[in-house]
Structure formats: structure tokens, C-alpha cells
Amino acid sequence: MVCRFSTKLLNICISSFCKVQQLEKAEAIIIDGIRLGVLPDVVTYNTLIAAYCRFVGVDAAYSVLHRMREAGINPNVVTYNSLMAGATKHCLLSRSLDLFEEMLQKGIPPDVWSYNSLMHCFFKSGQPDEANRVFEDIILSNIYPCPVTFNTMINGLCKNGYTVNALMLFRNLRRHGFTPPIVTYNILINGLCKSGRLGAARRILKELGESGHMPNAITYTTVMKCCFRSRQFEQGLEIFSEMKEKGYTFDAFAYCTVIGAFVKMGRIKEANECMQRMVSNGIELDMVSYNTLINLYCKEGNLEAAFNLLDEIEKGGLECDKYTHTILIDGLCKAGNIEGAEHHLKYMSMMGFDSNVVAFNCLIDGLCKAGQVDYAMKVFKSIELKDSFTYSSLVHNLCKARRFHSASKLLRSCLRGGMKILRSSQRAVLAGLRSSGFPREARKLQSKIRLAKILHY
DNA sequence: TTAGGGTTAG
């Protein structure tokens with residue numbers, strides 16, 4: 001006979017294994033349980049589905065759903081919520097919307113988590129108006145919003161460029177008695193930092209202190225990153241020291257932020273020390289951590305170590321991403337191995353990665369630095385996607401090669417396209433034209449630049 | 001079950 005207590009115990013075990021990502025052990029326990037007459041229930045399958053969504057992928061979670069149905073257990077609102085959250089996390093946005101529709105068709109009433117996922121999905125697919133409509137529906141319906149609803153809304157608004165609206169929502173919620181948890185503060189501080197509203201971010205940070213909350217490691221990492229991003233390295237390092245003094249635990253996010261900053265400052269020795277501390281502290285390395293390490297190896301000129309690590313990662317079953325390959329392409333270019341970089345670009349494409357503007361920018365810059373400006377121009381013409389880095393780099397390098405007319409022509413086409421270009425590159429063209437005896441062309445170009453500023457900036 | 005911080009190029 002199956003007793004409920006046994007299934008409850010089974011579920012506790014499954015949950016424990018799922019939390020530490022030991023899904024095979026969780027599956028094995030289910031088989032053992034069935035053998036002993038303890039049958040899995042909807043909670044067992046939901047726990048597994050959530051874990052597969054989180055650690056593996058939505059397809060793996062669907063195979064559990066299939067087994068669940070075969071066992072005669074119907075999915076409930078939690079099942080759908082997990083699948084929706086998983087689909088949104090893995091950017092399968094239409095799948096997430098389909099799941100919501102399927103839920104309605106099957107007569108399963110969505111709860112606040114379903115709506116939260118739906119909003120998240122709309123924001124992630126760049127449809128803030130649709131997300132806002134869902135939010136209004138929640139407010140006007142009898143579904144009670146939870147803090148996650150507000151956080152999803154504030155985060156989505158920030159990520160879609162509506163930081164001012166996010167700040168207004170935060171203020172309105174506070175006025176109506178909502179006491180924001182630390183997560184809300186972190187979301188808002190991050191959004192404000194990333195949109196360059198550092199003053200507003202500082203004010204929210206001050207409010208956080210006054211609210212009686214303590215900033216957590218995420219708050220510190222966010223503000224530290226913000227300093228590094230705006231090249232206020234010393235200020236960022238002060239936060240790093242404060243974190244250490246106050247005894248905050250460093251996770252992969254905090255270490256990667258600091259290592260990345262040391263690498264950017266050219267302080268490779270300190271970056272290395274940090275990396276060793278991260279490894280010796282037993283931090284489990286994910287793909288971003290590995291990318292940070294590969295970047296460190298490349299910047300210290302140790303391409304061999306970088307490629308060895310790439311092999312190790314691939315053999316270990318972790319999938320390298322576009323960042324890994326772009327870092328390696330840049331490393332090869334910086335080491336003067338243009339042939340290797342081109343070869344790796346082909347490898348990247350063979351692996352199914354889309355055309356990557358950053359990787360091509362590295363190659364164009366590398367070619368210029370190797371004196372192959374004509375070839376760089378050929379690559380430039382062959383690529384569809386170009387950004388301000390592409391133009392700035394090529395204009396700068398054409399000036400260095402004293403090809404001011406070509407640089408001027410390129411700068412004009414960039415301005416016509418409404419693309420921003422580094423001021424130093426603009427100045428280099430103007431100065432070059434003047435010094436090489438073409439002041440009239442320099443004046444004409446200057447007025448084009450002014451016009452573009454009025455039109456686009 | 002859901003929301004927040006980290007990796008690439010001038």
C-alpha cells in the first residue's frame with residue numbers, strides 16, 4: 001500500500017538532489033521508490049521539471065512532462081509555471097506564450113506566478129507595452145500582485161530603456177505602502193547604473209541604508225561594476241576592499257567583476273591572484289567564469305593556456321559560447337596571429353554561431369595593426385552588421401596609415417547612417433586633412449559632423 | 001515554481 005508520508009519523504013529527497021543539481025540521483029530515487037511501492041505524485045514531477053528547466057533545458061523538462069502524463073498524472077498550474085519560466089529563461093519566448101494559452105484552454109486558472117512569467121516573457125522579447133497590459137490586468141483583477149510582480153515590472157522597464165518609468169513605479173509603490181525588499185533596490189540600482197544615472201543610483205543606495213536594510217553582496221557587486229564601467233577604477237577597488245573588510249562572501253559574480261577590472265587596468269598579477277583565490281575558495285566555475293579566465297590568459301599572452309582551457313571545457317561537456325570564441329579571436333589578433341584568428345572565426349561559424357560583430361571588429365583591428373589596412377577594408381565591406389566600434393576602429397587606423405581621404409569618406413558614410421563614432425577618431429580625420437593640405441575638405445567635414453549631431457545626438 | 005549582480009572589441 002502506498003502511504004502519503006512515503007511520497008512526501010520521496011519528494012523531500014528529490015528536492016534535495018535537485019537543489020544540488022544531482023538530477024541523475026533524483027531520477028534513480030524515483031525508480032527505487034516505485035520498486036518499493038512509493039509512487040511519485042504531481043509534486044515529484046514538478047520538482048524534476050523545475051530542475052530540468054533550470055539546469056538542463058526545456059526539452060529535457062518536456063520529456064519529464066511526457067512521463068508524468070504516461071503515469072496518469074495531470075500537470076497543474078505549478079507545472080505550467082515552471083515550464084513557462086524555463087522557456088522564458090532560455091529565450092523560447094513564443095513557447096512560453098503557447099504554454100500560457102494551453103493552460104487557459106485546459107481550464108487551469110493561471111496564478112500570480114503565471115502572470116509574472118508572462119510579463120517577464122514580454123519584456124524579454126522587447127514588448128514592454130504588452131507586459132504593461134498584463135500588469136494592469138493583474139492590478140485590476142482579483143489576482144493579488146506579489147513583490148516579484150513589482151520586481152519583474154521594474155526590472156523589465158529598466159532593461160527596455162524605461163528607467164524613468166521604473167523609478168516612478170518604485171516611488172508610487174512606496175507611497176502606497178509597499179516596503180521594497182533588498183532585491184527591488186538591487187534591480188533599480190542596477191538599472192540606474194546601466195543607464196548612466198549614477199546620481200539617482202546613489203540616492204536609492206542612500207535610501208536603502210535609511211530603510212534599515214543592509215546592502216548585500218549583490219548590491220556591492222552591482223555598484224562596483226558600475227564604477228569599473230565608468231572607468232572609476234579606484235572607487236571600484238575601494239568597494240572591493242570594503243566588501244573584504246566587512247566579510248562578505250565572494251561568489252563567481254563578484255570575482256569575475258574584479259578580475260575583469262584588473263585585466264582592463266593591465267594589473268595582470270592582481271587579476272591572477274584573484275583568480276587563484278576564486279579557485280582555492282572552491283567556487284564552481286560556470287561559462288562566464290571560464291570566459292573571464294580565458295580572457296586573463298589571452299591578455300597575459302598565454303594563448304596556449306587559453307586553448308588548453310578551451311579543450312578542457314569542451315571535454316568536460318560544458319558548451320562554450322560566443323564570448324569564449326570572441327575572446328580567443330581577439331587574443332589571437334593581439335598576438336599577431338591573424339591566420340589563426342580567421343581560422344577560429346570559421347570554426348565559430350561552423351559551430352553554428354551567428355555572425356558576430358565584435359569578433360569581426362577584433363579581426364579588422366588586428367589586420368590594421370598588422371599593417372593590412374586594405375584587407376581590413378575588404379573584410380569591412382564583406383560584413384553586413386557594423387557598429388560604432390567597427391567605424392571608429394577603421395577610421396582611426398586609416399588615419400594612422402595617413403589615408404585621410406579614405407577615413408573621411410568612411411566617416412561620412414557612418415554619419416549618414418546615424419552611427420556614433422569616437423570623438424578621437426573624428427578629430428584624427430579633421431587634423432589629418434588639415435595637416436596634409438586639405439583645410440577646405442576638413443571644414444566641409446566639420447559642418448557635416450555638426451549637422452549629424454543636430455540630427456542624431 | 002517566479003525577480004537582481006559577473007565574461008568580448010576601438
Side-chain angles (χ1 to χ4, degrees), chain A residues 43 46-47 49-51 53-54 76-86 88-89 111-120 123 146-156 158-159 181-191 193-194 216-226 228-229 250-261 263-264 278 286-296 298-299 321-331 333-334 356-366 368-369 387-397 421-422 424-425:
Chain A
V43 177
N46 284 348
T47 311
I49 285 173
C53 279
R54 191 169 165 206
N76 63 10
V77 62
V78 178
T79 324
Y80 278 98
N81 288 348
S82 298
L83 289 167
M84 273 183 78
T88 305
K89 184 185 161 87
D111 63 9
V112 66
W113 283 328
S114 327
Y115 284 105
N116 291 346
S117 272
L118 196 60
M119 279 167 45
H120 190 200
F123 273 129
C146 67
V148 177
T149 316
F150 302 135
N151 292 344
T152 306
M153 201 59 205
I154 292 172
N155 185 41
C158 288
K159 295 257 161 77
I182 180 77
V183 182
T184 318
Y185 283 99
N186 289 346
I187 289 170
L188 194 57
I189 290 169
N190 184 45
C193 282
K194 281 198 175 144
N216 62 13
I218 296 180
T219 327
Y220 273 99
T221 311
T222 304
V223 179
M224 186 164 69
K225 175 69 199 170
C226 175
F228 292 143
R229 197 184 291 121
F250 278 69
D251 60 7
F253 284 76
Y255 275 118
C256 288
T257 306
V258 178
I259 294 170
V263 169
K264 277 225 160 66
M278 174 163 84
D286 61 5
M287 209 48 244
V288 179
S289 315
Y290 279 123
N291 288 342
T292 307
L293 300 197
I294 290 176
N295 189 36
L296 170 57
C298 286
K299 292 296 188 297
D321 57 17
K322 64 171 183 178
Y323 286 92
T324 327
H325 297 296
T326 308
I327 290 165
L328 287 165
I329 287 166
D330 185 51
C333 286
K334 293 266 192 316
N356 180 349
V357 67
V358 182
F360 275 106
N361 287 347
C362 296
L363 180 65
I364 287 172
D365 193 58
C368 289
K369 290 210 165 68
D387 64 5
S388 70
F389 271 79
T390 329
Y391 281 98
S392 296
S393 168
L394 204 47
V395 167
H396 169 83
N397 280 300
I421 192 165
L422 266 190
S424 58
S425 295

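Only this structure's heavy atoms are used, side chains among them; waters, hydrogens and symmetry mates stay out. To find a chain, count down the sequence lines: A is the first, B the second, and so on, and within it residues start at 1.
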- Heavy atoms under 4.0 Å, any strand shown: does Asn397(A) hit a base, just sugar-phosphate, or nothing? nothing
What contact category does Asp286(A) fall into here, base, sugar-phosphate, or nothing, at under 4.0 angstrom with non-hydrogen atoms?
base
| said: Need one value for Thr221(A): base, sugar-phosphate or nothing, where a base atom within 4.0 Å counts as base even if backbone is also close, heavy atoms only. | reply: base
Among the nucleotides dT2(B), dG10(B), dA3(B), whichever has the atom closest to the side chain of Asp365(A) is dG10(B)
| request: Under 4.0 Å between any heavy atoms, over every strand shown, what does Ser289(A) touch: base, sugar-phosphate, or nothing? Just pick one. | output: base
Exercise. Which part of the nucleic acid, if any, lies within reach of Thr257(A) when heavy atoms closer than 4.0 Å are counted: base, sugar-phosphate only, or nothing?
Worked result: sugar-phosphate
Rounded to whole Å, CD1 of Ile259(A) lies from P of dT8(B) at a distance of 11 Å
NA contact type, Ser424(A), heavy-atom cut-off 4.0 Å: base, sugar-phosphate, or nothing?
nothing
Between CG of Leu293(A) and P of dG6(B) the distance, given in whole Å, is 17 Å
- Task: Identify whether any heavy atom of Leu422(A) sits under 4.0 Å from a base atom; if not, whether one sits that close to sugar-phosphate; answer base, sugar-phosphate or nothing.
- Result: base
Against the side chain of Ala85(A), the closest entry in dT7(B), dG10(B), dT2(B) is dT2(B)
When rounded to whole Å, the CG to C1' distance for the pair Asn356(A) and dA9(B) reads 9 Å
Interatomic distance, OG1@Thr221(A) vs CZ@Phe250(A), rounded to 0.5 Å, equals 7.5 Å
Quiz prompt | Touch class at under 4.0 angstrom, heavy-atom based, for Ala252(A) against every strand present | solution = base
- Query: Is Asn155(A) touching bases, backbone alone, or none of the nucleic acid, heavy atoms closer than 4.0 Å?
  - Reply: sugar-phosphate
Exercise. Determine: side-chain N/O of Lys299(A) to OP1/OP2 of dT7(B), distance under 4.0 Å, yes or no.
Key: no
Taken to the nearest whole Å, CD1/Ile364(A) to C1'/dG10(B) is 11 Å
With the side chain defined as heavy atoms from C-beta on, Val148(A) is closest, among dT7(B), dA9(B), dA3(B), to dA3(B)
Whole-Å distance, Asn361(A) CG to dT8(B) C1', equals 10 Å
Scan Asp387(A) against the nucleic acid and name what it touches under 4.0 Å (heavy atoms): base, sugar-phosphate only, or nothing. base
Testing dA3(B), dA9(B), dG5(B) for proximity to the side chain of Asp251(A), the answer is dG5(B)
Between CE of Met119(A) and C1' of dA3(B) the distance, given in whole Å, is 9 Å
* Asked: Base, sugar-phosphate, or nothing for Arg54(A), non-hydrogen atoms under 4.0 angstrom?
  -> nothing
Out of dT2(B), dT8(B), dG6(B), minimum distance to the side chain of Thr326(A) belongs to dT8(B)
Here the distance between atom P of dT7(B) and atom OH of Tyr323(A), to the nearest Å, is 8 Å
From CD1 of Ile294(A) across to P of dT7(B) the rounded distance in Å is 15 Å
### Query
Reckon Lys194(A) has a side-chain N or O less than 4.0 Å from the OP1 or OP2 of dG6(B)?
yes
